[in-house]
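One structure below.
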Amino acid sequence: MSDELSDQERVQSRAHLLPEEAAAGSDDAQAQAEAILTESDMREADRNAAPDTVLERRTSDQTVTPIEPPD
């Protein structure tokens with residue numbers, strides 16, 4: 001039960017919009033906070049869950065189309 005209360009406290013603290021968020025507007029700050037914290041928890045649990053966290057190991061030859069010499 002204390003974990004549930006802790007999660008609710010986290011949501012409440014995040015539901016207060018920052019000035020730039022308030023300027024953009026939010027239909028449901030509570031739902032937005034829950035979504036942000038859920039995604040954050042997933043990324044924290046699995047470091048590869050976030051986009052762009054997996055680095056590709058390719059050389060420039062594999063990524064760039066070679067320029068053909070003129071005839």
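Everything numeric in this text was worked out from a predicted model, so none of it was measured.
A distance of 7.0 Å separates CD in Glu34 from CD in Gln8, rounded to the nearest 0.5 Å. In this structure, the separation between CZ on Arg10 and OG on Ser40 is 6.5 Å, given to the nearest 0.5 Å. Taking CG from Asp41 and CG from Asp7, the interatomic distance works out to 7.0 Å, rounded to the nearest 0.5 Å.
The two residues Ala15 and Ala29 have their closest heavy-atom pair at O-CB, 3.4 Å.
The side-chain contact (heavy atoms from CB on, under 4.5 Å) search around Asp28 returns Gln30, Ala31, not counting sequence neighbours.
Taking 4.5 Å as the limit, every side-chain heavy atom of Leu37 sits out of range of all side-chain heavy atoms of Met42.
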